[in-house]
Amino acid sequence: MKLFFLLTLSICLSATALAQDRFTILEEKLNQAKVTMPGLDEKVQIAVNSMTIQDFVQGIALNHNLNVTVDPNVDVKVTNTFKDITAEDIFLYLCKRYDLDITFIGPIMNFSKYVAPPQVIQPKIVTRKIKVSYDSTANLLSFDLNNDSLELVTREITRVSGKNIVYAPDLGNKVLNGFVQNVPFNSAMDKLAFSNELKVTLTADNFYMLEKNAKEKDPKNTNSNNSSGNFANANSPKQINGLNYKVENGAITLDAMNVPIGDIVNAISALMGYNYFLFNELKGNATVSIKDASFEDFLNHLFNGTDYTFKKDANIYLFGDRNLEGLRVSKLVTLKNRTVEKIMDFIPADLKKGVDLKIFEDLNGIILSGSQPRINEIEAFLRQVDLVVPNVYIEVIIVDVRKSNTFSAGVAAGLGTAPTTTSGTVIPFDFTLGAQSINNLITGINGIASVNLGQVTPNFYIKLKALEEQGVLKLRSTPQLATLNGHKAELSIGQTEYYLEVSNNLVQNVNQSNILQSQQYKPVNADLSVSILPQISSDEQITMDIHVKQSSFTERISNTAPPGTINRDFKSLIRVKNGEMIMLGGLEENTKSESGSGLPGISRIPILKWLFGSRIKKKSQNKLTIFIKPVIIYS
C-alpha cells in the first residue's frame, strides 16, 4: 500500500512540475511579445456571462490592438469579471483554467487546446551477457549486439581485447546493435560505428574514440546551416564535371563516367569531411557506379585494378602508388586449422602480385608486406580456406578362410628292396604288412579245404590305407587407419622368406678352365597392403578409393626352392554413409580333384577298385572377405 501511495505521489509531482514548466515558458513568451504588442501590458475592465471564448478573446484583442485567432474546436463558455488586470494575465489565466496553449506565428497569437507532447520512451536496455569475443593471435573481433548499452559494450571489448575505447559524454544512453564474425579489429569497429550512426577515430595514443556522426541530420534543428558549403546540402545530389554523387547517413552513392580519379577523390573527401594527403598525382580516369557504400569501400572499388592505394593514419587518409614507402603495410596472418606450409601453394598467383610473403612457422602464420588492399584480399582468401578439416577413422577387417578335405583309400602290394616290418596305425587306418605276417596268415589258411597258398618272398609287402584328412585355416586381420579428408591412408604388413640360389660360373685361362660356384640367399615377400583415399561430401557421405593387396606363401617344392605365393588384389571406388560398414571381396576359389591307381580294368570296377588299387580325393575352398567402416571425426 505504501509503495502504491509513493508511486502515485511521484506521478502527481512529476505532472505538476511539467505543468509549471509549461506555464513558465508560456509566460516568458508573452513577456517577450510585449515588445511588439504593447497591448498585452494594458489594463482590462470586462464582465461576461456564458460568452464563447472566441468572442471573449477577440473582444479583448479589438480593444487593445492585438492580433489573435482562436481554434473553432475549442468549446468553452467564459463567465468572469476582470478589473484592472492586464491582457497578458487574462490570457495566462485562460490557458491555466481551460488547458489552452498559445503559439506565436509572427505577430499573431493562436489559441488552441493544449496537446501534451508525446512521451519520449527511452529504449529499453536489456541487461544480459554482452556477446563479444576476440582472437588476439589473428586480431579478429566478433560481436552479436541487440539493444546493448554502449557503456557495457565498450567495457567488454576493452576487457577481452586490451584496446582502450572511450565515447563522448552525450552518448551515455546510446544502445548498440550489430553482428560481425571474425573481422579484423579496426574494420569491426568501423562497421559497429557505421551501423549505429557513430564515428570512430583512432587517436595517436591508440585510443578508439566514439562520437556522434557529425554528418547526421539533427531533427531538432532543421533550419541550421553549416558554415561549410560542402556540408550545407550533404544529402542532396551534386554534379561536378559529369560526377553525380551524394552522401546520406555516411553512405556514398556515386555515378561517374570517365571522370579523373583525382577529381573523384577530392570531391568525395571534401563532402565527407576527411583530411587526405597525396604522395603523388592520381592519374587516369574511372567509371564508377556504387550505392550506399562506406568511404573505405568506395576507395577499394575506385582503386581496384589501378596502381594506387590508400592508408588511414590517425584522421588522415594517405593516397598514392602502391609501392611507396608510406603506403606499404606489413601484417602477420595466422592460421587456426591448416598448416602454413601447404597453404602457400594454394594462394592464387594473381593475389600474390606485388606482395611479399614469408612463412613464419613458429606461429603457423604468413607475414604479408605490400599494399593494404592486396593484403586484405589475401587475408580474406586465407580465412575462407582456413577451415576445420575432418579426420576419417577407418576400421578394416580382413578375413581369409581356407578349408581342405583329402580322402585316400585302397590296397597296394609289391616287393621292397629289403624285408618290410609290419607297422602302422589302426585309427586312422594306415597299415603295412610284412612278408612274415603275410606268411603267418597264409599258413593259417593252408590246409582248410585242401587249400595251399604257399609262401611269399621275404621282401613282399601289402599296404592297406583308409584315411581322411580335414583342415580349416582362418586368418583375421584388423588394421585401423586414420587420415585427413582428401589424404591417402596406407598400411603394409609383410613377411619375408629366403631361398638359396646357386650359380656356376666358368672361368677360363690359358692352361685350364675352372668352374666357380657361388651361393646367394634371395628374399621373397608376402605382404598385406591397404590403401584408402577418402573424400567427404557436404551431406557427410564418404567416397573411398580402395586398393587392397594380399599375398601369402605356399609350400616349397624343395628345401632350396623359393616358396610359392598366392596373390589377391582388390580395387574399388565406393560411396558410403558416415559410420556404415561395407563388405568387399568375397572371392571364393573351389578346387576338386580325384585320382587313382590299380590293376588295369579291375581298378575301374566299383567295388573291386578299392581291393586292387588306391584312390585319392582332394577338395579345397579359399574365401577372402574385406569389411571397411569409415567414421568422420571433427576435432
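On a predicted model such as this, the values are computed, not experimentally measured, just so you know. Computation of the quantities below employed the complete heavy-atom set of this structure, encompassing side-chain atoms and omitting hydrogens, waters and symmetry-equivalent molecules. Counting from 1, the numbers follow the sequence of the chain as shown.
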*asked:* If you compare all heavy atoms of Leu141 against all heavy atoms of Ser133, which two are closest, and at what distance to 0.1 Å?
replied: CD1-O, 3.4 Å

*Do you see a donor-acceptor pair shorter than 3.5 Å between the side chains of Tyr167 and Glu211?*
no

*With side chain to side chain contact (heavy atoms under 4.5 Å, CB included) as the test, would you mind laying out the steps for Met344 and Ile359 before giving the verdict?*
CA-CA 8 Å; Met344 285 287 290; Ile359 294 178; 3.5 Å; yes

*Please report the closest heavy-atom contact between Phe303 and Val265, naming both atoms and the distance.*
CZ-CG2, 4.0 Å

*Do Ile628 and Met544 have side chains that get closer than 4.5 Å, going by heavy atoms?*
yes

*Determine whether the side chains of Tyr308 and Asn280 contain a donor N or O and an acceptor N or O closer than 3.5 Å.*
no

*Flag the pair Arg22 / Asp101 as yes when at least one side-chain heavy-atom distance between them is below 4.5 Å, and no otherwise.*
yes

*Under the side chain to side chain donor-acceptor pair (under 3.5 Å) test, which residues partner Thr339, sequence neighbours left out?*
none

*Check for a donor-acceptor pair, side chain of Asn196 on one end and backbone N or O of Asn177 on the other, with a separation under 3.5 Å.*
yes

*Check Leu145 against Lys131 and note the closest heavy-atom contact, atom names and distance.*
CD2-O, 4.5 Å

*Run the numbers on Tyr114 and Phe23 for ring pair (Phe, Tyr, Trp, His ring centres under 6.0 Å), then give the verdict.*
CA-CA 11 Å; Tyr114 173 72; Phe23 292 122; 7.8 Å; no

*pair Ile378-Val333: side-chain heavy atoms closer than 4.5 Å*: no

*Donor-acceptor pair, side chain of Ser531 and main chain of Glu490, under 3.5 angstrom*: no

*Quick one: CG on Asn139 to OH on Tyr134, what's the gap to the nearest 0.5 Å?*
3.5 Å

*Step by step, would you call Phe627 with Glu395 a side chain to side chain contact (heavy atoms under 4.5 Å, CB included)?*
CA-CA 8 Å; Phe627 299 90; Glu395 183 178 355; over 6 Å; no

*Ile268 and Ile252, any side-chain heavy atoms less than 4.5 Å apart*: yes

*Close side-chain approach of Phe185 and Ser161, heavy atoms under 4.5 Å*: yes

_Looking at every heavy atom in both Pro534 and Thr483, which two are closest together, and how far apart are they?_
CG-CG2, 3.7 Å

*asked:* Salt bridge check, Lys283 against Asp307: does any charged N sit closer than 4.0 Å to a carboxylate O?
replied: no

_Distance in Å, Phe207 CZ paired with Met209 CE, rounded so as to fall on 0.5 Å steps_ = 10.0 Å

*Ile394 and Lys629: side chain to side chain contact (heavy atoms under 4.5 Å, CB included), yes or no, with the steps?*
CA-CA 6 Å; Ile394 306 172; Lys629 178 182 177 182; over 6 Å; no

*Who pairs with Ser195 by side chain to side chain donor-acceptor pair (under 3.5 Å), at least two apart in sequence or on another chain?*
none

*Is atom NZ of Lys571 surrounded by more than 12 heavy atoms (other residues, nucleotides or ligands) closer than 6.0 Å?*
no

_Asn485 side chain to Ile536 backbone, donor-acceptor under 3.5 Å_ = yes

Determine all donor-acceptor pairs shorter than 3.5 Å in which one atom belongs to a side chain in residues 572-580; sequence neighbours excluded.
residue, atom, partner, partner atom, Å
Arg575, NE, Gln541, OE1, 3.4
Arg575, NH1, Thr543, OG1, 3.3
Arg575, NH2, Ser537, OG, 3.2
Asn578, OD1, Ile632, N, 2.8
Glu580, OE1, Lys577, N, 3.4

*asked:* I'd like to know whether the aromatic ring centres of Phe279 and Phe319 sit less than 6.0 Å apart in this structure.
replied: no

*Should we say atom NZ of Lys312 is surrounded by more than 12 heavy atoms from elsewhere, each under 6.0 Å from it?*
yes

*asked:* Just verifying a value: how many Å separate Ile397 CD1 and Gln480 CD, rounded to the nearest 0.5 Å?
replied: 9.0 Å

*Could you tell me whether a side-chain N or O of Asp386 sits under 3.5 Å from a main-chain N or O of Asn337, the two making a donor and an acceptor?*
yes

*asked:* For a side chain to side chain contact (heavy atoms under 4.5 Å, CB included) check, start with the C-alpha distance between Leu210 and Val166, then their side-chain angles and the critical distance, and finish with the verdict.
replied: CA-CA 6 Å; Leu210 290 172; Val166 296; over 6 Å; no

*Residues two or more places apart in sequence or in another chain: which of them pass side chain to side chain donor-acceptor pair (under 3.5 Å) with Thr201?*
none

*Can you find a heavy atom in the side chain of Leu357 that is under 4.5 Å from one in the side chain of Ile347?*
yes

*Contact summary for Val548 and Asp569, nearest pair of heavy atoms*: O-OD1, 3.2 Å

*Thr158 side-chain N/O to Gly162 backbone N/O, donor-acceptor pair under 3.5 Å*: no

*Working to the nearest 0.5 Å, report the span between CZ of Phe143 and CD1 of Ile157.*
6.5 Å

*Looking only at heavy atoms, what is the nearest atom pair of Asn285 and Pro260, with distance?*
OD1-CA, 3.3 Å

*asked:* Please report the interatomic distance OG(Ser492) to CG(Asn525), rounded to the nearest 0.5 Å.
replied: 9.0 Å

_Within the 4.5 Å heavy-atom criterion, are Pro184 and Glu379 side-chain neighbours or not?_
yes

Do any side-chain atoms of residues 286-294 form donor-acceptor pairs under 3.5 angstrom with protein atoms, and if so which ones, sequence neighbours left out?
residue, atom, partner, partner atom, Å
Thr287, OG1, Asn258, N, 3.1
Ser289, OG, Asp255, OD1, 2.7
Asp292, OD1, Thr253, OG1, 3.4
Ser294, OG, Asp297, N, 3.3
Ser294, OG, Asp297, OD2, 3.1

*Going by the angle between their ring planes, with limits at 30° and 60°, are Tyr274 and Phe295 parallel, tilted or perpendicular?*
tilted

*Heavy atoms of other groups near Lys191 NZ, more than 12 under 6.0 Å*: yes

_According to side chain to side chain contact (heavy atoms under 4.5 Å, CB included), who are the partners of Leu332, at least two apart in sequence or on a separate chain?_
Thr334, Phe360, Leu363, Ile367

*Are any side-chain N or O atoms of Asn266 and backbone N or O atoms of Ile264, one a donor and one an acceptor, separated by less than 3.5 Å?*
no

*Close side-chain approach of Ile343 and Val385, heavy atoms under 4.5 Å*: yes

*Spacing of Asp190 atom CG and Lys199 atom NZ [to the nearest 0.5 Å]*: 12.0 Å

